Amino acid sequence: TDTGLTATITPTLSTSKILVLISASVFVTRSAAQAGAGAELLRGATVIADYNNAQNFEFLFIFVDGEPEVYNMTSNSIVYLDPATTSATTYKLQARAETTNNSGQVRFQYNSTPSTITLMEIGA
């Protein structure tokens with residue numbers, strides 16, 4: 001699902017690259033066992049970086065373990081360099097809980113804790 005982190009940039013040169021910087025405030029909770037969340041970075045509707053390996057969740061965005069209830073709030077950073085076009089381009093972060101069993105949840109900007117997405121054109 002969308003995290004609410006989205007931004008658009010229109011590069012001035014077709015030879016430029018776009019540096020995507022994300023600082024995401026993430027809260028993960030579950031009423032029993034372990035809890036995790038994964039994320040993916042999209043350019044428009046296309047996934048350009050996958051941080052949650054949908055098959056077996058090898059690359060977790062965040063992971064906590066414990067019983068009977070677990071929760072964790074953390075800030076995670078993503079840095080991605082993307083080739084650009086001269087068209088307006090929108091980047092956004094999507095995420096999902098590893099599981100929704102036992103009330104598993106992932107929340108962004110929990111209790112108004114800020115997250116940011118910054119886009120910078122890198123001239124070539």
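Note that the structure is a prediction, hence the values are computed from the model and not measured. Atom set for the values below is all heavy atoms of this structure, side chains included, hydrogens, waters and symmetry mates excluded.
The distance from atom CG of Leu5 to atom OG of Ser25, rounded to the nearest 0.5 Å, is 9.5 Å. Note: Thr15 OG1 to Ile122 CD1 = 12.0 Å, rounded to the nearest 0.5 Å. The CZ atom of Phe108 sits 12.5 Å away from the OG1 atom of Thr113 when rounded to the nearest 0.5 Å.
Of the possible polar contacts, none joining the Thr118 side chain to the Thr116 backbone as a donor-acceptor pair under 3.5 Å is found. Ser23 places no side-chain N or O within donor-acceptor distance of the main-chain N or O of Ser115, the cut-off being under 3.5 Å.
Annotation: side chain of Leu119 is in contact with side chain of Tyr91 (closest heavy-atom distance under 4.5 Å). Contact of the Gln105 side chain with the Arg107 side chain is registered, since non-hydrogen atoms from C-beta on lie closer than 4.5 Å. Between Ile18 and Pro11, some side-chain heavy-atom pair lies under the 4.5 Å cut-off. When side chains are defined from C-beta on, Val106 counts as touching Val26, because their heavy atoms get closer than 4.5 Å. Side-chain contact between Thr90 and Thr6 is present, with at least one heavy-atom pair separated by less than 4.5 Å.
Under the side chain to side chain donor-acceptor pair (under 3.5 Å) rule, Gln94 has a single partner from Thr1, Asp2, Thr3, which is Asp2.
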Go through Leu41 and Val20 one step at a time and tell me if the side-chain contact (heavy atoms from CB on, under 4.5 Å) criterion holds.
CA-CA 9 Å; Leu41 177 63; Val20 181; 4.2 Å; yes
Please test Thr86 against Leu13 for side-chain contact (heavy atoms from CB on, under 4.5 Å), starting from the C-alpha separation and ending with a verdict.
CA-CA 6 Å; Thr86 52; Leu13 301 170; 5.9 Å; no
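Applying the salt bridge (charged side-chain N to carboxylate O under 4.0 Å, His left out) test to residues at least two apart or on different chains, the pairs with a partner in residues 72-86 are Arg43-Asp82.
For the 3.5 Å distance criterion, the side chains of Ser16 and Glu121 qualify, holding a donor opposite an acceptor.
Contact detail for Met120 and Leu21: the closest heavy-atom pair is CE-CD1, 3.7 Å.
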